[in-house]
Visitor: 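One structure follows; several queries about it will come next.
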Amino acid sequence: MRVETPDLVAAEPSPDCPLCPRLAALRAEQRALHPDWFNAPVPSFGDPEAWLAIVGLAPGMQGANRTGRPFTGDFSGPLLYGTLAKFGLSEGTYAGTPDDGVTLKGAIIVSAVRCLPPQNKPTPEEIRTCRQFLEPALDALPNLKVVVTLGQIAHQSAVKALGGKLPKMPFAHLAEHRVPSGIRLIDSYHPSRYNQNTGVITAPLFETVFERALALRQAG
């Protein structure tokens, strides 16, 4: 389901956000090449009452940039949505399309960078610029207890958005950090095609992150 609460809607960039010229230029190029694709900043997806936020990097060309839903239509989607289903954090059957009926329960997915970056590599300035949308998106979640970050860039942006200090909060798979608000942050390797194909991340490794998130929630 698309998030529709006023606070979260206010945290979303406009469909024609001009703040990052390089990303806006690529968006225009993709709109010309693929007019039937989503080709816009990808909004958060999930439960506005979520206790768990999952912060990803940015839309993929064939994934969210095409479908308009985070981690939908690309290689990483089955592992992420399959894991969410296994731990009772989603309903419906993931089929890689935004109309497959999947909804999230107690969880929400937010991207550190909302627009497709060339070669899947946003610049530091683009990451900083888009943090103005990440911060209010996380702030708008009244029940937020745990944040899972997928990859080092998502980790760095989420730590800054939550008021933490990066030198004291290094990235590592299954590393845990407590930010000033008391929210717990857990790091995970990104479920990208490369990481899955090289064994950097496997289904059991990925599942341990969500097992730990549930344990932290239950522990209060």
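The structure displayed is predicted, hence computed values, not measured ones.
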Visitor: State whether the side chain of H173 and the backbone N or O of F206 hold a donor-acceptor pair below 3.5 Å, judged by distance alone.
Guide: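 The answer is no, because no donor-acceptor pair under 3.5 Å joins these two groups.
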
Visitor: So which heavy atom on P170 is nearest to which on D187, and how close?
Guide: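 Shortest heavy-atom contact: O-OD2, 3.6 Å.
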
Visitor: Looking only at non-hydrogen atoms, find the nearest pair between V110 and A137 and report the distance.
Guide: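 So the minimum-distance heavy-atom pair works out to CG1-CB, 4.1 Å.
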
Visitor: Does H34 offer a backbone N or O that forms a donor-acceptor pair with the side chain of N39 under 3.5 Å?
Guide: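 Indeed, once roles are kept as given, a pair shorter than 3.5 Å links the two residues.
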
Visitor: Do the side chain of Q132 and the main chain of T129 share a donor and acceptor less than 3.5 angstrom apart?
Guide: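 Yes; judged by distance alone, with no hydrogens or angles, the pair exists.
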
Visitor: Which heavy atom of V148 sits nearest to which heavy atom of A213, and what is that distance?
Guide: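 Residues V148 and A213, closest heavy atoms: CG2-CB, 4.5 Å.
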
Visitor: List the steps and the verdict of side chain to side chain contact (heavy atoms under 4.5 Å, CB included) for I108 and W51.
Guide: CA-CA 8 Å; I108 191 168; W51 63 268; over 6 Å; no

Visitor: Grouping I, L, V, M, F, W and Y whenever their side-chain heavy atoms are under 4.5 Å apart, do Y194 and L57 come out in a common cluster?
Guide: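 They do not share one cluster, since no chain of ILVMFWY contacts under 4.5 Å joins Y194 to L57.
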
Visitor: Would a 4.5 Å heavy-atom cut-off, applied to side chains only, mark L150 and I54 as touching?
Guide: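 Of all side-chain heavy-atom pairs linking I54 with L150, at least one is under 4.5 Å.
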
Visitor: Just wondering, do T72 and Y94 contact through their side chains at under 4.5 Å, heavy atoms?
Guide: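 They are in contact (side-chain heavy atoms under 4.5 Å apart), so the answer is yes.
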
Visitor: About how many Å separate OG1 of T83 and CG of L89, when rounded to the nearest 0.5 Å?
Guide: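 Taking CG in L89 and OG1 in T83, the distance rounds to 10.0 Å.
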
Visitor: Tell me yes or no: between the side chains of N143 and E49, is some donor less than 3.5 Å from an acceptor?
Guide: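 Yes, because at least one side-chain N or O of N143 sits under 3.5 Å from a partner of the opposite role on E49.
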
Visitor: For E135, what residues pass the salt bridge (Lys or Arg N to Asp or Glu O under 4.0 Å) criterion, not counting sequence neighbours?
Guide: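 For E135, no residue satisfies salt bridge (Lys or Arg N to Asp or Glu O under 4.0 Å) once neighbours in sequence are set aside.
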
Visitor: Under the criterion side chain to side chain contact (heavy atoms under 4.5 Å, CB included), I'd like the reasoning laid out for L19 against F133: C-alpha separation, chi angles, the key distance, then a yes or no.
Guide: CA-CA 12 Å; L19 295 177; F133 303 111; 3.9 Å; yes

Visitor: Nearest 0.5 Å, please: how far is OG in S90 from NZ in K105?
Guide: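 K105 NZ to S90 OG: 8.0 Å, rounded to 0.5 Å.
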
Visitor: Looking only at non-hydrogen atoms, find the nearest pair between C17 and A24 and report the distance.
Guide: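 Taking every non-hydrogen atom into account, O-CB, 4.1 Å.
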
Visitor: For the residue pair D16 / S14, report whether a side-chain donor-acceptor contact shorter than 3.5 Å exists.
Guide: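 Not at all, the side chains of S14 and D16 share no donor-acceptor pair under 3.5 Å.
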
Visitor: Can you find a pair of side-chain heavy atoms, one from V209 and one from R212, that are under 4.5 Å apart?
Guide: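 With C-beta onward as the side chain, the pair stays apart.
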
Visitor: Can you give me the closest heavy-atom contact between C115 and A58, atom names plus distance?
Guide: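 That closest heavy-atom pairing would be O-CB, 4.0 Å.
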
Visitor: Please examine the side chains of S44 and I109, heavy atoms only from C-beta on, and report whether any two atoms are closer than 4.5 Å.
Guide: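 No; the side chains remain at least 4.5 Å from each other.
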
Visitor: Using the rule side-chain contact (heavy atoms from CB on, under 4.5 Å), only one of C130, P122, P124 pairs with E126; which is it?
Guide: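 Between E126 and the candidates, side-chain contact (heavy atoms from CB on, under 4.5 Å) is satisfied uniquely by P122.
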
Visitor: Quick one, K160 and R131 - any side-chain contact, counting heavy atoms below 4.5 Å?
Guide: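 A side-chain contact under 4.5 Å exists here.
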
Visitor: Does a side-chain heavy-atom distance below 4.5 Å link T123 with R22?
Guide: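 Yes, their side chains come closer than 4.5 Å.
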
Visitor: Does P191 offer a backbone N or O that forms a donor-acceptor pair with the side chain of Q196 under 3.5 Å?
Guide: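 Between the backbone of P191 and the side chain of Q196 there is a qualifying donor-acceptor contact (under 3.5 Å).
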
Visitor: What are the two closest heavy atoms between P78 and D74, and how far apart are they?
Guide: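 Minimum heavy-atom separation between P78 and D74: CD-O, 3.5 Å.
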
Visitor: Side-chain contact, heavy-atom cut-off 4.5 Å: V146 with I186?
Guide: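 The answer is yes; the side chains approach within 4.5 Å.
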
Visitor: Rounded to the nearest 0.5 Å, what separation is found between the CG atom of L52 and the CG atom of L104?
Guide: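 L52 atom CG to L104 atom CG measures 9.5 Å (nearest 0.5 Å).
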
Visitor: Could you walk me through whether Q62 and W37 pass the side chain to side chain contact (heavy atoms under 4.5 Å, CB included) test, one step at a time?
Guide: CA-CA 9 Å; Q62 296 290 330; W37 287 12; 3.6 Å; yes

Visitor: Among M169, H177, E176, R178, which residue meets the side-chain contact (heavy atoms from CB on, under 4.5 Å) test with L185?
Guide: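 The residue from M169, H177, E176, R178 that satisfies side-chain contact (heavy atoms from CB on, under 4.5 Å) with L185 turns out to be H177.
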
Visitor: Working to the nearest 0.5 angstrom, can you tell me the gap between R114 CZ and R27 CZ?
Guide: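 It is 12.5 Å, given to the nearest 0.5 Å.
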
Visitor: Between Q30 and R66, is the side chain to side chain contact (heavy atoms under 4.5 Å, CB included) condition met? List the steps.
Guide: CA-CA 9 Å; Q30 291 302 309; R66 177 173 63 87; over 6 Å; no

Visitor: Mind checking side-chain hydrogen bond (donor to acceptor under 3.5 Å, both in side chains) for E207 and listing every partner two or more places apart, or none if nothing turns up?
Guide: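 With neighbours one apart ignored, the set is K86.
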
Visitor: Any chain of hydrophobic side-chain contacts (each under 4.5 Å) joining I153 to L162?
Guide: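 The answer is no; the residues belong to distinct hydrophobic clusters.
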
Visitor: Is there a path of hydrophobic side-chain contacts, each under 4.5 Å between heavy atoms, that joins L84 and L205?
Guide: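 Yes; tracing contacts between hydrophobic side chains, which count when under 4.5 Å, links both residues.
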
Visitor: Report the distance from atom OG of S157 to atom CZ of R128, rounding to the nearest 0.5 Å.
Guide: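 Between S157 OG and R128 CZ, I get 10.5 Å after rounding to 0.5 Å.
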
Visitor: For N195 and H190, test the side chains for any donor-to-acceptor distance below 3.5 angstrom and give the result as yes or no.
Guide: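 Judged by distance alone, the side chains do not pair up.
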
Visitor: Same cluster or not: L134 versus L166, using hydrophobic residues (I, L, V, M, F, W, Y) connected whenever any side-chain heavy atoms lie under 4.5 Å apart?
Guide: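 Result: yes, single cluster for both.
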
Visitor: State yes or no: do F171 and F210 share one hydrophobic cluster built from I, L, V, M, F, W and Y residues joined by side-chain heavy-atom distances below 4.5 Å, directly or via other members?
Guide: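 Yes.
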
Visitor: When you check the gap from the basic side-chain N to the acidic O, do D99 and R69 get nearer than 4.0 Å?
Guide: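 Looking at R69 together with D99, the answer is no, because their closest N to O distance does not fall below 4.0 Å.
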
Visitor: Please report the interatomic distance CG(L26) to CG(N65), rounded to the nearest 0.5 Å.
Guide: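 Here the interatomic distance stands at 7.0 Å.
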
Visitor: Taking the side chain as C-beta and beyond, is there a heavy-atom pair between L23 and L116 under 4.5 Å?
Guide: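 The answer is no; the side chains never approach within 4.5 Å.
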
